[in-house]
Protein chains: 2
Amino acid sequence: MALPTSAAQSAPSPFRTREEKMRDRAEKRDAVLRAAVRMFNARGYHATSLDDVAASLGISKPTIYHYLGNKEQVLTECVSRGLEPLRLAAEAAKSEPGSGLERLRRFLLDYARTNMDDFGRCMVRTGDELLSPEGAAQIRARKRDIDDALRTLIADGVADGSIAPVDVKMTAFALAGALNWPARWHDPAGPMAPDAIAAALVDVLIGGLAPRG
Amino acid sequence: MALPTSAAQSAPSPFRTREEKMRDRAEKRDAVLRAAVRMFNARGYHATSLDDVAASLGISKPTIYHYLGNKEQVLTECVSRGLEPLRLAAEAAKSEPGSGLERLRRFLLDYARTNMDDFGRCMVRTGDELLSPEGAAQIRARKRDIDDALRTLIADGVADGSIAPVDVKMTAFALAGALNWPARWHDPAGPMAPDAIAAALVDVLIGGLAPRG
DNA sequence: TCGTTTCTATACTTGCGAGTAGATTGCTTA
DNA sequence: TAAGCAATCTACTCGCAAGTATAGAAACGA
C-alpha cells in the first residue's frame with residue numbers, strides 16, 4: 001500500500017501512519033512527564049507516587065511503566081527537559097555578537113526565565129540525593145557544562161574589559177545561586193511575571209549594591 | 001542528704017546531680033541531632049532511616065524516640081539550629097553602628113558562613129515538601145523573619161545613600177539565593193574555606209559585574 | 001483469518017522503614 | 001525495701017508505594 005504523504009490530509013483518515021503513531025506515543029509520554037513534573041514541584045519527588053501521577057491523568061500506573069522505565073527515569077527525563085534550554089542558551093551565547101557583558105546579560109536572562117518554568121524548577125530542585133549514583137553523575141556532568149559556559153562568558157567579559165576583574169568561579173556561583181533561587185520561591189500562579197523577575201535580578205547582579213560614582 | 005555544690009568536685013563523684021543528668025540528656029540529644037544532620041546532608045532526608053542514624057551512634061532506634069518525638073521532629077530541630085544563628089545575626093545587625101551598607105555587609109558575611117555549617121546546610125536544603133503543613137508553616141514564618149530583617153537592612157542602606165536605589169524585595173532574593181547556594185555545592189572537606197567563600201561572594205554582590213567608572 | 005505487537009487494566013508481590021509494645025536494668029526517692 | 005522513673009534493648013506491626021505478572025482489547029501485518 002502507498003504511504004499517504006503528510007500533505008494528503010483532505011479527509012482525515014482514522015488509520016494512523018507509522019509517524020502518527022510515533023507522535024501519539026511521544027505525546028502521551030509528554031503528558032506523563034508534564035503531569036509528573038507538576039506534582040514533583042508541588043509535593044516533592046518522594047511525596048509523589050506514580051499512582052498519584054497516573055490518577056491525575058485518568059490512567060493506571062502500569063501505563064506509565066509502558067512509556068518510562070521506572071520512577072527515577074521519570075524524574076531524570078524531567079530534569080533533562082529543564083536542562084536542555086539552558087544548554088541551548090549556553091550554545092547560543094558562544095556565537096553571539098556584543099561584549100562579554102552583553103552576551104552574559106542575555107544568557108542570564110534566559111537562564112533565570114528557564115528556571116521558572118515547570119521543568120526548570122524541577123531541574124534546580126533535584127539534588128543529587130534524589131538520584132542513583134549513575135543518574136546523579138549524568139545530571140552533574142550536564143550541569144557542569146552549563147557552569148563552564150557561564151564561567152567562560154564571565155572570563156570573556158573580564159578579558160574585554162566589559163566586566164570588572166572579579167573572581168570568575170565565585171562570580172559564577174553567585175550568579176547561579178541568585179538565579180536558581182526563584183525555583184524555590186517563585187509562585188507561577190502569583191502576580192509576578194517571570195520576565196520581570198529575571199530582569200530585576202539581573203539588574204541587581206550586574207549593578208551591585210554599592211552606589212556608582 | 002546534702003546536695004553537692006558544683007564547686008565541690010575535688011574527687012569526681014559517680015553520682016550525678018539533677019543538673020548533670022539534664023546536661024547528659026541534652027548532650028545525648030545533641031549527639032543524635034549532629035549524627036542525623038550529617039546523614040541528611042550527605043544522603044538526603046528520605047534516604048536516611050532512623051535506624052541508620054541510630055547505628056552510626058551505636059544505639060538503637062527506640063533510643064532516638066526516647067529523645068525526640070518522631071523523624072520530622074529530628075529534622076525540624078536540625079533546621080531550627082540552622083536558623084538560630086541567622087536570627088541572632090539579624091537581631092545584632094539592627095543595633096550595630098555604621099551605614100546601612102556596612103551593617104548589611106556584616107550580616108551577609110554571617111549569613112553566608114552560617115549556611116555552610118552542618119545545620120545551616122540542612123536548613124537551606126529543607127524545603128517545605130519535606131515537612132508536614134504545620135512544620136512547614138513554622139519554619140516558613142521563621143525564615144520570613146530573617147528575610148524581613150534582610151529587607152530592612154537593604155532599605156536602610158538605600159535610605160541613607162550607602163546602597164544604590166535598588167528594588168528592595170528583588171535584591172533580598174538575589175542576595176539570599178547567592179548566599180544559600182553554597183549549601184548545595186560547598187564541600188566542607190574541600191580546600192575552600194567558608195570564610196573565603198563568604199567574602200568573595202559578598203564582594204561580587206556588593207560590587208556588581210559592571211566595571212566602576 | 002490468524003499470529004503479533006501495542007496499549008491498557010486489575011490485582012498482585014515485596015521490601016523498606018516509621019513507629020510501638022513490652023521487657024530489662026539500675027538509679028532515686030519515699 | 002518497695003515504688004517509680006529513666007534509659008535502653010529486642011522484636012514486633014503495619015502501611016505505603018515501587019514494580020510485576022497476567023490478561024484482554026484493539027490494531028496491524030501476512
Side-chain angles (χ1 to χ4, degrees), chain A residues 1-4 12-32 35-36 39-40 43-78 129-132 135, chain B residues 1-4 12-32 35-36 39-40 43-78 129-132 135:
Chain A
M1 107 182 150
L3 285 176
S13 154
F15 300 98
R16 323 261 81 192
T17 67
R18 181 184 302 275
E19 297 86 44
E20 280 171 330
K21 278 188 292 187
M22 277 171 55
R23 195 165 40 73
D24 274 9
R25 186 177 169 90
E27 264 171 31
K28 290 183 183 172
R29 210 179 114 109
D30 279 8
V32 169
M39 295 182 88
F40 290 163
R43 305 147 60 157
Y45 176 69
H46 285 292
T48 302
S49 76
L50 291 188
D51 278 317
D52 292 338
V53 175
S56 82
L57 290 164
I59 62 177
S60 69
K61 184 171 52 170
T63 301
I64 292 182
Y65 281 90
H66 184 70
Y67 292 98
L68 292 146
N70 55 34
K71 194 184 179 188
E72 177 171 354
Q73 206 173 95
V74 175
L75 178 61
T76 52
E77 187 63 27
C78 290
E129 72 274 4
L130 298 186
L131 299 167
S132 65
Chain B
M1 108 184 150
L3 284 176
S13 154
F15 301 97
R16 323 261 83 192
T17 67
R18 180 183 304 275
E19 298 84 42
E20 281 171 329
K21 278 188 294 186
M22 276 171 55
R23 196 166 38 73
D24 275 7
R25 186 178 168 89
E27 264 171 31
K28 291 182 182 174
R29 210 179 113 110
D30 279 7
V32 169
M39 297 183 87
F40 290 163
R43 305 147 57 157
Y45 176 70
H46 285 292
T48 303
S49 76
L50 291 189
D51 279 315
D52 293 338
V53 175
S56 82
L57 290 165
I59 62 176
S60 67
K61 184 170 53 171
T63 302
I64 292 182
Y65 281 89
H66 185 69
Y67 292 98
L68 291 146
N70 54 35
K71 194 184 178 188
E72 177 169 356
Q73 207 172 97
V74 176
L75 178 60
T76 52
E77 188 61 29
C78 290
E129 72 275 3
L130 298 186
L131 300 166
S132 65

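Note on naming: letters A, B, ... go to the chains in the order of the sequence lines (proteins, then strands), and numbering restarts at 1 for each one. Only heavy atoms go into these numbers, but all of them, side chains included; no hydrogens, no water, no symmetry mates.
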If you only use heavy atoms from C-beta on, which nucleotide in D:dG19, C:dA21, C:dT8 is closest to the side chain of A:Lys61? D:dG19
Are side-chain heavy atoms of B:His66 and B:Lys28 found at a separation under 4.5 Å? no
Rounded off to whole Å, could you give me the CD1-to-C1' distance for the B:Ile64 and D:dA7 pair? 14 Å
Dot-bracket, DNA chain C: Watson-Crick or G-U, under 3.5 angstrom, [ ] crossing, | other strand? ||||||||||||||||||||||||||||||
Looking only at heavy atoms, which two atoms of A:Val53 and A:Ala35 are closest? And how far apart? CG1-CB, 4.2 Å
Can you name the closest pair of heavy atoms from A:Arg25 and A:Tyr67 and give their distance? CG-CE2, 3.6 Å
In whole angstroms, the gap separating C1' of D:dA6 from CZ of B:Arg23 amounts to 17 Å
Nearest heavy-atom neighbours spanning A:Gly135 and A:Glu72: CA-OE2, 3.8 Å
Residues in residues 44-51 of chain B with a heavy atom under 4.0 Å of DNA chain D, by number, are none
B:Tyr67 side chain near D:dT8 phosphate (N/O to OP1/OP2, under 4.0 Å): yes
Among C:dT6, D:dG19, C:dG19, the one nearest any side-chain atom of A:His66 is C:dT6
Closest approach to the side chain of A:Pro62, judged atom by atom: which nucleotide of C:dG19, C:dC7, C:dA9 is it? C:dA9
Rounded to whole Å, CE of B:Met22 lies from C1' of C:dT28 at a distance of 16 Å
Tell me: CG of B:Asp24 to P of D:dA7, nearest whole Å? 9 Å
Here the distance between atom P of C:dC7 and atom CD1 of A:Ile59, to the nearest Å, is 12 Å
Separation of D:dA17 atom C1' from A:Met39 atom CE, nearest Å, is 13 Å
Please state whether the phosphate of C:dT8, meaning OP1 or OP2, lies under 4.0 angstrom from any side-chain nitrogen or oxygen of A:Thr63. no
Nearest heavy-atom neighbours spanning B:Val74 and B:Ala36: CG1-CB, 3.6 Å
I need the A:Thr76 OG1 to A:Asn70 CG distance, nearest 0.5 Å. 7.5 Å
Counting heavy atoms from C-beta on, name the nucleotide in C:dG19, D:dG19, D:dC9 closest to the side chain of B:Tyr65. C:dG19
B:Ser60 has a side chain; which of C:dT20, D:dT10, C:dA11 sits nearest to it? D:dT10
Please confirm whether the shortest side-chain N or O distance from B:Arg25 to OP1 or OP2 of D:dA6 is below 4.0 Å. no
Report the distance from atom CD of A:Glu72 to atom C1' of D:dA18, rounded to the nearest whole Å. 13 Å
Whole angstrom is fine here: how far is it from NZ in A:Lys71 over to P in C:dG15? 19 Å
Taking side chain to side chain donor-acceptor pair (under 3.5 Å) as the cut-off, I'd like each qualifying pair that reaches into residues 44-56 of chain A, sequence neighbours left out, listed once. A:Arg43-A:Asp52, A:Ser49-A:Asp52
